[in-house]
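Scope of the values below: all heavy atoms of this structure, side chains included, with no hydrogens, waters or symmetry mates.
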Amino acid sequence: MIEPLAALGVGVAAYGTAIVGGLAGYGTNLLMPIALVPVVGAAAAIPILAVSGLFNNGSRLVIFRDRVEWRPVLPLTLAAIPSCFVGAWLFTLLSGPQVALLLGATLFATVPLRRWLRGRRLNIGTLGIVLLGVVFGLVTGGTPGGGVVLTAALAAIGLAPQSVVATDAAISLVVGLVKVATFQALGELPAASWVFALVIGLIAIPGVMTARWLSDRMSVSLHGTILEAAILTGGAMLVLRGLGWV
């Protein structure tokens, strides 16, 4: 059983991180483990976030549908699907402390990765887009860091900010379905996890709607600074928990 106060905290986090994800195209699954892992454990967090992410990405796709750039969607998605199976399967082989360490290390790695890719313009063809899809699928299958890889890549190939958000949602929705199906087939999604994930996903929908309203009214640089600080703090906590120090 989950304490009411803990459930309330997760609900507030789901709404807030949905706003972050709607503004930046990533961040929801990077920040949610900070609130979710202490409540359900590290091993259960990734499958739950995979299900709730379907609601988040689906609502983001509907709300930002006029901003989708469809050209990279098909090659990226087709390339990501098989590697997503591999990433999700590898995740199920890890123990609870190993998952916590993996989540924490992923959170730490996404900050320098985002900074390195930010501002770079990648001149790549279809093969390059396919390779990006393979990397994205592998990372997103077993960690919460796939979003930052995808959004950074979409920005680097020249998509405008709102197009990054919308195109990321279109790709992530399909890959997310594959991820959920894999976790279900491997027995990582019991009924309790489904209920918890559905509640988180439904709460996220108004968060995405708020993000669309805020997208033209908020400093993205300030948001990015706050997000990175939260990611690094959460990553440190997860690493310490995985090492058994907290």
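- Remark: the backbone N or O of E69 is not paired with any side-chain donor or acceptor of S163 at under 3.5 angstrom.
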(message) Before you tell me yes or no, could you show the steps for F55 and L198 under side-chain contact (heavy atoms from CB on, under 4.5 Å), namely the whole-Å CA-CA distance, both residues' side-chain angles and the distance that decides it to 0.1 Å?
(response) CA-CA 8 Å; F55 288 82; L198 292 174; 3.3 Å; yes

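- Taking all atoms of both residues into account, the shortest heavy-atom contact from V37 to A45 is CG2-CB, 3.9 Å.
- Hydrophobic cluster membership is shared by I63 and L202, with clusters built from Ile, Leu, Val, Met, Phe, Trp and Tyr side chains linked at under 4.5 angstrom.
- Remark: the backbone N or O of F136 is not paired with any side-chain donor or acceptor of T140 at under 3.5 angstrom.
- Listed for the D168 side chain is no donor-acceptor partner under 3.5 Å among the backbone atoms of V164.
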(message) Between F108 and V239, is the side-chain contact (heavy atoms from CB on, under 4.5 Å) condition met? List the steps.
(response) CA-CA 10 Å; F108 273 115; V239 168; 4.1 Å; yes

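- By the criterion of side-chain heavy atoms lying less than 4.5 angstrom apart, applied directly or through intervening Ile, Leu, Val, Met, Phe, Trp or Tyr residues, L214 is grouped together with Y15 in one hydrophobic cluster.
- Grouping the Ile, Leu, Val, Met, Phe, Trp and Tyr side chains by contacts below 4.5 angstrom, directly or via other members, places V175 with V68.
- Following chains of ILVMFWY side-chain contacts shorter than 4.5 Å, one can reach I171 starting from W70, so the two form part of one hydrophobic cluster.
- Atom CG of L173 and atom CG of L54 lie 6.5 Å apart (nearest 0.5 Å).
- The shortest non-hydrogen separation linking G22 to V165 is O-CG1, 3.5 Å.
- To the nearest 0.5 Å, the span separating OG1 on T92 from CD1 on I46 amounts to 12.5 Å.
- Note on L8 and I34: separate hydrophobic clusters, where clusters join Ile, Leu, Val, Met, Phe, Trp and Tyr whose side-chain heavy atoms are under 4.5 Å apart, directly or indirectly.
- Here the OG1-CZ distance, from T167 to R60, works out to 11.0 Å after rounding to the nearest 0.5 Å.
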For residues 75-91, run the donor-acceptor check on the side chains, cut-off 3.5 Å, and write out each pair with its distance to 0.1 Å, sequence neighbours left out.
unit_1, atom_1, unit_2, atom_2, d
T77, OG1, V73, O, 2.6
S83, OG, A80, O, 3.1
S83, OG, V134, O, 2.9
S83, OG, L138, N, 3.3

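- The distance from atom CG of L132 to atom CG of L154, rounded to the nearest 0.5 Å, is 8.5 Å.
- Within 6.0 Å of CG on L93 lie more than 12 heavy atoms contributed by other residues, nucleotides or ligands.
- For A18 against A204, the heavy-atom pair with the smallest separation is CB-O, 3.3 Å.
- For the pair V208 and S59, the tightest heavy-atom approach, listed with the atom from each and the gap, is CG2-OG, 3.5 Å.
- For R67 (side chain) and A166 (main-chain N/O), no donor-acceptor pair under 3.5 Å exists by modelled atom type.
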(message) Determine whether R71 and I129 satisfy the following criterion, side-chain contact (heavy atoms from CB on, under 4.5 Å), listing intermediate values before the conclusion.
(response) CA-CA 10 Å; R71 181 181 63 86; I129 291 175; 3.7 Å; yes

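- When atom types are taken as modelled, the side chain of S52 and the backbone of L49 share a donor-acceptor pair closer than 3.5 angstrom.
- Taken to the nearest 0.5 Å, the CG atom of L31 stands 12.5 Å off from the CG atom of L36.
- Note that NZ of K179 is 9.5 Å distant from OG of S172, once rounded to the nearest 0.5 Å.
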